[in-house]
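What follows is a structure written as structure tokens; I'll ask about it next.
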Amino acid sequence: MSGKPRLTYLNGRGRMEPVRWLLAAAGVEFEEVYLETKEQYDKLIKDGFLLFQQVPLVEIDGMKMVQTRAILSYIAGKYNLYGKDLKERALIDMYVEGISDLMQMILMFPFSPPDAKEKTLESIKERATNRYFPVFEKVLKQHGQDFLVGNKFSWADVQLMEAILAVEEKVPAVLSGFPQLQVFKTKMSNMPTIKKFLQPGSPRKPPPDAHYVETVLKVFKK
């Protein structure tokens, strides 16, 4: 096995996409194994790879890690993207948790019934513009720095950038009332590791389509 982290999930965003983002932002190359059948998933459980019978699974530093939050905090700590002290870490955690709430809505969107999609989309737009993005607009405006915490690039910045792009795919003008976030997005897009991740052919996954939804339902069917 190479020294690269090995990611096991479906060939789509889902709960693995923030992990791909964070590794890419840290400049870390990784390998991926894609689940396409229920048999592959059942075998991982049978072989004891999945502590809670769930993916994502990330093999890194001799560990088989599950639970997205644990994986992300380990990567953030390992690559110095988790603040300089406990207070900065607490801020990063708060921001990340808030963004995760918004991302959860986007994650579930492809699985909502057709007749509920419009209502769900409105809900995503409303939450983004009234609850979540105003927080980060205010933080960036108040301290006048490029990054959310300690004037240093962190996990929180990566997660926010992912969320901005994910919401923009559904609501293209969502940043129109947030000048600080517009500047933030431009700066993040030009960071070498993120710029590379945003190029065609990178490990970044496209928005989920009908085939992805079908594969998810097939692999995880009870």
Notebook entry, point to check: Charged N to carboxylate O under 4.0 angstrom, Asp157 versus Lys187?
Noted result: no
Residues 101-115 side chain polar contacts: donor-acceptor under 3.5 Å, at least two apart:
| unit_1 | atom_1 | unit_2 | atom_2 | d |
| --- | --- | --- | --- | --- |
| Gln104 | OE1 | Arg15 | NH1 | 3.2 |
| Gln104 | OE1 | Arg15 | NH2 | 3.4 |
| Ser112 | OG | Phe109 | O | 2.7 |

Next item on the list: Ignoring hydrogens and angles, tell me if any N or O in the side chain of Ser202 forms a donor-acceptor pair with the backbone of Leu198 under 3.5 Å.
Entry: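 No; judged by distance alone, with no hydrogens or angles, the pair does not exist.
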Next item on the list: Looking only at non-hydrogen atoms, find the nearest pair between Ala25 and Thr193 and report the distance.
Entry: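 Scanning both residues, the minimum pair turns out to be O-OG1, 2.8 Å.
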Notebook entry, point to check: To the nearest 0.5 Å, what is the distance between CD (Glu39) and NZ (Lys43)?
Noted result: 12.5 Å
Notebook entry, point to check: Does the side chain of Glu88 come within less than 4.5 Å of Lys152's, by heavy atoms?
Noted result: no
Next item on the list: Please round to the nearest 0.5 Å and tell me the distance separating atom CG of Leu22 and atom NZ of Lys78.
Entry: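 Going from the CG atom of Leu22 to the NZ atom of Lys78 covers 12.5 Å.
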Note to self: Less than 4.5 Å apart, side chain to side chain, heavy atoms only: is that true for Thr8 and Tyr34?
What the structure shows: no
Note to self: Within the 4.5 Å heavy-atom criterion, are Val58 and Phe30 side-chain neighbours or not?
What the structure shows: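 Answer no - side chains too far apart.
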Check: Roughly how far apart are Lys125 NZ and Phe133 CZ, rounded to 0.5 Å?
Finding: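 Result: 12.5 Å between the selected atoms.
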Next item on the list: Would you give the length of the straight line joining atom OG of Ser73 to atom CD1 of Ile92, rounded to the nearest 0.5 angstrom?
Entry: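 It is 11.5 Å, given to the nearest 0.5 Å.
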Margin query: Quick one, Met65 and Tyr74 - any side-chain contact, counting heavy atoms below 4.5 Å?
Written below: yes
Check: Roughly how far, to the nearest 0.5 Å, is CG of Asn80 from CH2 of Trp155?
Finding: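 Rounded to the nearest 0.5 Å, the CH2-CG separation comes out at 14.5 Å.
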Checklist line | Over 12 foreign heavy atoms within 6.0 Å of NZ, Lys117 | finding: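 Yes, enclosed.
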Next item on the list: Tell me yes or no: between the side chains of Gln159 and Ser100, is some donor less than 3.5 Å from an acceptor?
Entry: yes
Margin query: For Glu29, give me all partners under salt bridge (charged side-chain N to carboxylate O under 4.0 Å, His left out), at least two apart in sequence or on another chain.
Written below: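 Partners of Glu29 under the salt bridge (charged side-chain N to carboxylate O under 4.0 Å, His left out) test: Lys4.
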Next item on the list: Kindly determine whether Arg6 and Glu32 satisfy salt bridge (charged side-chain N to carboxylate O under 4.0 Å, His left out), including the steps that lead there.
Entry: CA-CA 6 Å; Arg6 182 178 161 108; Glu32 297 201 64; over 6 Å; no
Notebook entry, point to check: Do Phe52 and Ile45 share a hydrophobic cluster, counting only Ile, Leu, Val, Met, Phe, Trp and Tyr and linking them when any side-chain heavy atoms are less than 4.5 Å apart?
Noted result: yes
Next item on the list: Would you mind reporting whether Arg204 and Glu17 have side-chain heavy atoms less than 4.5 Å apart?
Entry: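 Yes, close enough: below the 4.5 Å cut-off.
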Notebook entry, point to check: Any side-chain heavy-atom pair from Asp93 and Tyr82 closer than 4.5 angstrom?
Noted result: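 Sidechains of Tyr82 and Asp93: in contact.
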Checklist line | Leu51 backbone acceptor or donor facing Lys64 side chain under 3.5 Å | finding: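 No, because the side chain of Lys64 does not come within donor-acceptor range (under 3.5 Å) of the backbone of Leu51.
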Note to self: For Ala116, is there any backbone N or O sitting under 3.5 Å from a side-chain donor or acceptor partner on Thr120?
What the structure shows: yes
Check: With side chains defined as the heavy atoms from C-beta onward, is the minimum distance between Ile71 and Pro56 less than 4.5 Å?
Finding: yes
Note to self: For a quick test of reading the model, state the closest non-hydrogen atom pair linking Thr215 to Leu35 and the distance between them.
What the structure shows: CG2-O, 4.1 Å
Per-pair distances, 0.1 Å, donor-acceptor, side chain in residues 137-144, under 3.5 Å, sequence neighbours excluded:
| unit_1 | atom_1 | unit_2 | atom_2 | d |
| --- | --- | --- | --- | --- |
| Glu137 | OE1 | Gln180 | N | 3.2 |
| Glu137 | OE1 | Leu181 | N | 3.0 |
| Glu137 | OE2 | Gln180 | N | 2.9 |
| His143 | ND1 | Gln145 | N | 3.0 |
| His143 | NE2 | Phe147 | O | 3.0 |
| His143 | NE2 | Leu148 | O | 3.2 |

Notebook entry, point to check: Going by atom types alone, do Tyr212 and Asn11 pair a side-chain donor with an acceptor below 3.5 Å?
Noted result: no
Margin query: Suppose we call two aromatic rings close when their centres sit under 6.0 Å apart. Are Tyr95 and Phe136 close by that rule?
Written below: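 Yes, close enough.
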Result block: side-chain N/O donor-acceptor pairs under 3.5 angstrom for residues 165-176, not counting sequence neighbours:
| unit_1 | atom_1 | unit_2 | atom_2 | d |
| --- | --- | --- | --- | --- |
| Glu168 | OE1 | Lys185 | NZ | 2.9 |
| Glu168 | OE2 | Lys185 | NZ | 3.2 |
| Glu169 | OE1 | Arg13 | NH1 | 2.9 |
| Glu169 | OE2 | Arg13 | NH2 | 2.8 |
| Ser176 | OG | Ala173 | O | 2.9 |

Item checked: Phe49 with Phe220, same ILVMFWY side-chain cluster at under 4.5 Å -> yes
Note to self: Does atom CD (Gln199) have a neighbourhood of more than 12 heavy atoms from anything else shown, all under 6.0 Å?
What the structure shows: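 Counting neighbours around CD of Gln199, more than 12 heavy atoms of other residues, nucleotides or ligands fall under 6.0 Å, so yes.
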Note to self: Heavy-atom count check: over 12 atoms from other residues, nucleotides or ligands less than 6.0 Å from Gln53 CD?
What the structure shows: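 12 or below, so no.
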Next item on the list: Using the test side chain to side chain contact (heavy atoms under 4.5 Å, CB included), find all partners of Pro134 that sit at least two apart in sequence or belong to another chain.
Entry: Phe178
Next item on the list: Without swapping roles, check the side chain of Gln40 against the backbone of Thr37 for a donor-acceptor pair under 3.5 Å.
Entry: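 Yes.
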Checklist line | Presence of salt bridge, Glu126 and Arg131, under 4.0 angstrom | finding: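 Not counted as a salt bridge, because no side-chain N and carboxylate O are separated by less than 4.0 Å.
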Next item on the list: Using the rule that two of Ile, Leu, Val, Met, Phe, Trp, Tyr join whenever any of their side-chain heavy atoms come within less than 4.5 Å, decide whether Met63 and Tyr9 are in one cluster.
Entry: yes
Checklist line | Carboxylate-amine/guanidinium proximity below 4.0 Å for Lys218 and Glu36 | finding: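 A salt bridge is absent here (no side-chain N lies under 4.0 Å from a carboxylate O).
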Item checked: Approximate separation, where rounding is to 0.5 Å, of Leu50 CG and Leu57 CG ->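 Here the rounded value is 5.5 Å.
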Item checked: Leu7 and Val33, any side-chain heavy atoms less than 4.5 Å apart -> no
Checklist line | Within 6.0 Å of NZ in Lys205, more than 12 heavy atoms from elsewhere | finding: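 Yes, NZ of Lys205 has more than 12 neighbouring heavy atoms, counting only those of other groups under 6.0 Å.
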Margin query: Test: ring-ring contact (aromatic ring centres under 6.0 Å, His included). Region: residues 185-209. Which pairs qualify, not counting sequence neighbours?
Written below: Trp21-Phe197
